Amino acid sequence: MNEFIKKAEGLGIKIPRITADKINNAVKPVLRKMEKAGIRIDVAVFKKLENALSNDLEILTKKIHKLAGHDFNISSPSQMAVVLFEELKLQTEGLKKSQSGFSTAANELKKIEDKHKIIPLILEYREISKLISTYLKPLPLLVDENSRLHTTYGLETSTGRINSNEPNLQNIPIRGKYGEKIRGAFVAEKGMKLISADYSQIELRVVACLAQDETMIRSFKNGEDIHAQTAAEIFGIKMNEVTPDQRRKAKAVNFGIVYGQTPYGLSQALSIPIDEAALYIKNYFSIHTGIAKYVNSMIDLGHEQGYVETLFGTRRHLPNLKSHIRFMVEADERIAINTPVQGTAAEILKLAMVELDKVLSTQYTVRSDRKPQLLLTVHDELVVEAPVKQAKEVAELVQETMENVVTLCVPIEVNISMGNNWAEAK
DNA sequence: AACTAGGCT
DNA sequence: GTATAAGCCTAGTTG
């Protein structure tokens, strides 16, 4: 009898008889297949976008130089700091410092966005140059004869997540003015559809079970809007009185919990006073006593054992808990909170990939490239390509498989959608 | 190679 | 008094 199954049973979770090591061994060949399959991009769209954005960048460069009074390298943070804080004498009060001086990171610049016309232009310049240099320019150079991109997946991460490099297909833009356009240039082959399936709030569901938090378990079981529910709790109001802004704040609280976020961190994330952030967190823990207990017990366990584990036994050593430097200890304590959650979610996804690959390759045995296959894995999302005719049934199969690969103490929900490209399939 | 910045979950 | 939200990858600048 596997000790992990026993532990899971105590939490109301049913998991297959398999350990983290074995999951990794089983998912490896699946990853190799996915690398080989690759995903098609529309090179023409990439080129068009690159041209358009390069033009914008030129115009922005001229405007920024004019406002600065002279030419300088906009991509150089140190030159940028001189222009903003020494020459233009913009206020530095409340801005974070980097090792060399005042930070010019977007988060900081947003604080002084309306102090000078140059700031919005810089922010736009940064956004566009990122897209060109990291995506639009390099990716088309990497396609094969079928316009497909092939990444390399890895399993050597500290939490058990899968990573992707050369190129990284796990950080393709989706937000911002141009995000959708870029993601929309990841396309299905002719006669095929892309199916995207993502776990809905998988980490919150996992922590609800690991922590046995009654309030959270009830919300998930009732299919409630978890962020609105949290808002009602921390603001002490009824669900139907929750404003969009309160929901947004509650979402940040939920998000921060699994990272061991402090009042200061929450205050930064929401641009609110520290007191206010502290109040939200205090209210949260007074209602979610299970989560509060979980947080403390993982910190204690880390200190006792020197490591923490996920549900399937991925172990993370925490040597800094022995440090005499306080923030090193605190950093490892946050890792102790987060790793079991993030790692367990990763294991669930990997199990689903193994299962799904098995199902797809046995049910659709046609020997051709026109068969349903897994293409991408992005932490809580899988992307599958399937022939148009079978797309609907494959989508249902994907959803079914992902939702039932383990049985948590709450329902697992998978959002599924399909389209001719990755933006539509969302 | 270190630092800064920024893309994603 | 210092730092303060987990995990990744890539690109440009600087010395």
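Nothing here was measured: the structure is a model prediction, and the numbers come from that model. Just so we're on the same page: letters track the sequence lines, and every chain starts at 1.
Checked for salt-bridge contact, A:Arg334 and A:Glu330 miss the test: no charged N lies under 4.0 Å from a carboxylate O. A salt bridge between A:Arg247 and A:Asp225 is present, with a side-chain N of the basic residue lying under 4.0 Å from a carboxylate O of the acidic one.
Judged as a side chain to side chain contact (heavy atoms under 4.5 Å, CB included), and not counting sequence neighbours, the contacts of A:Ala269 are A:Gln261. Taking the salt bridge (Lys or Arg N to Asp or Glu O under 4.0 Å) definition, one finds that A:Arg248 meets it with A:Asp245, sequence neighbours left out.
Note: A:Glu233 CD to A:His288 NE2 = 3.5 Å, rounded to the nearest 0.5 Å.
Nucleotides of DNA chain C that come within less than 4.0 Å of any heavy atom of chain A span, from the 5' end to the 3' end, C:dG1 to C:dT14.
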Please report, to 0.1 Å, the donor-acceptor pairs under 3.5 Å made by any side chain of residues 46-61 of chain A, with sequence neighbours excluded.
{"from": "A:Asn51", "atom 1": "ND2", "to": "A:Lys47", "atom 2": "O", "distance (Å)": "3.4"}
{"from": "A:Ser54", "atom 1": "OG", "to": "A:Glu50", "atom 2": "O", "distance (Å)": "2.7"}
{"from": "A:Thr61", "atom 1": "OG1", "to": "A:Leu57", "atom 2": "O", "distance (Å)": "2.6"}

Under 3.5 Å, which donor-acceptor pairs do the side chains of residues 314-323 of chain A form with other protein atoms, sequence neighbours left out?
{"from": "A:Thr314", "atom 1": "OG1", "to": "A:Glu347", "atom 2": "OE2", "distance (Å)": "2.7"}
{"from": "A:Arg315", "atom 1": "NE", "to": "A:Glu309", "atom 2": "OE2", "distance (Å)": "2.8"}
{"from": "A:Arg315", "atom 1": "NH2", "to": "A:Glu309", "atom 2": "OE2", "distance (Å)": "2.8"}
{"from": "A:Arg316", "atom 1": "NH1", "to": "A:Thr339", "atom 2": "OG1", "distance (Å)": "3.0"}
{"from": "A:Ser323", "atom 1": "OG", "to": "A:Ile325", "atom 2": "N", "distance (Å)": "2.8"}

When the side chains of residues 271-278 of chain A are checked against the rest of the protein, which donor-acceptor pairs come out under 3.5 Å, sequence neighbours left out?
{"from": "A:Glu276", "atom 1": "OE2", "to": "A:Lys249", "atom 2": "NZ", "distance (Å)": "3.4"}
{"from": "A:Glu276", "atom 1": "OE2", "to": "A:Tyr280", "atom 2": "OH", "distance (Å)": "2.4"}

Set out, in order, the CA-CA distance, both residues' side-chain angles and the distance that settles ring-ring contact (aromatic ring centres under 6.0 Å, His included) for A:Phe85 and A:Phe102, then state yes or no. CA-CA 8 Å; A:Phe85 305 126; A:Phe102 287 102; 5.8 Å; yes
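Within the nucleic acid shown, A:Asp198 has no heavy atom closer than 4.0 Å to any nucleic acid atom. At the heavy-atom level, A:Ser129 lies nowhere under 4.0 Å from the strands shown. A:Glu203 comes within contact range of no nucleotide atom at all, as no heavy-atom separation falls under 4.0 Å. Heavy atoms of A:Thr339 sit nowhere under 4.0 angstrom from any nucleic acid atom.
Along DNA chain C, the nucleotide nearest A:Lys96 and the nucleotide nearest A:Asn165 are compared for position; the residue whose nucleotide lies closer to the 5' end is A:Lys96.
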Quick one: which protein N/O atoms are closer than 3.5 Å to N/O atoms of nucleotides 6-9 of chain B? Pair and distance per line, please.
{"from": "B:dG6", "atom 1": "OP1", "to": "A:Arg126", "atom 2": "NH1", "distance (Å)": "3.0"}
{"from": "B:dG6", "atom 1": "OP2", "to": "A:Ala106", "atom 2": "N", "distance (Å)": "2.8"}
{"from": "B:dG6", "atom 1": "N2", "to": "A:Lys130", "atom 2": "NZ", "distance (Å)": "3.3"}
{"from": "B:dG6", "atom 1": "N3", "to": "A:Lys130", "atom 2": "NZ", "distance (Å)": "3.1"}
{"from": "B:dG7", "atom 1": "N2", "to": "A:Asn171", "atom 2": "ND2", "distance (Å)": "3.1"}
{"from": "B:dG7", "atom 1": "N3", "to": "A:Asn171", "atom 2": "ND2", "distance (Å)": "2.9"}
{"from": "B:dC8", "atom 1": "OP1", "to": "A:Ile174", "atom 2": "N", "distance (Å)": "2.9"}
{"from": "B:dC8", "atom 1": "OP1", "to": "A:Arg175", "atom 2": "N", "distance (Å)": "3.0"}
{"from": "B:dC8", "atom 1": "OP2", "to": "A:Arg175", "atom 2": "NH1", "distance (Å)": "2.9"}
{"from": "B:dT9", "atom 1": "OP2", "to": "A:Arg175", "atom 2": "NH2", "distance (Å)": "2.7"}
{"from": "B:dT9", "atom 1": "O3'", "to": "A:Val378", "atom 2": "O", "distance (Å)": "3.2"}
{"from": "B:dT9", "atom 1": "O3'", "to": "A:Asp380", "atom 2": "N", "distance (Å)": "3.4"}
{"from": "B:dT9", "atom 1": "O3'", "to": "A:Asp380", "atom 2": "OD1", "distance (Å)": "2.7"}
{"from": "B:dT9", "atom 1": "O3'", "to": "A:Asp380", "atom 2": "OD2", "distance (Å)": "3.3"}
{"from": "B:dT9", "atom 1": "O2", "to": "A:Arg161", "atom 2": "NH1", "distance (Å)": "2.9"}
{"from": "B:dT9", "atom 1": "O2", "to": "A:Arg161", "atom 2": "NH2", "distance (Å)": "3.2"}

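Distance noted for atom P between B:dT4 and C:dA3: 13 Å (whole Å). The separation of C:dT2 from B:dA5, taken at their C1' atoms, amounts to 23 Å, rounded to a whole angstrom. Distance check on atom C1': C:dA5 versus B:dA2 gives 24 Å, rounded to whole Å.
Sorted pairs that involve residues 131-180 of chain A and meet ring-ring contact (aromatic ring centres under 6.0 Å, His included), not counting sequence neighbours, are lacking altogether. Within the structure, disulfide (SG to SG under 2.5 Å) contacts touching residues 394-426 of chain A (residues at least two apart or in different chains) are A:Cys209-A:Cys409. The ring-ring contact (aromatic ring centres under 6.0 Å, His included) analysis of residues 401-426 of chain A, with sequence neighbours excluded, yields the pairs A:Phe186-A:Trp422.
Proximity of a side-chain donor or acceptor of A:Gln79 to a complementary backbone N or O of A:Asn73 within less than 3.5 Å is detected.
Across residues 262-295 of chain A, not one residue has a non-hydrogen atom less than 4.0 Å from an atom of DNA chain B. DNA chain C lies under 4.0 Å from no heavy atom of any residue of residues 22-61 of chain A.
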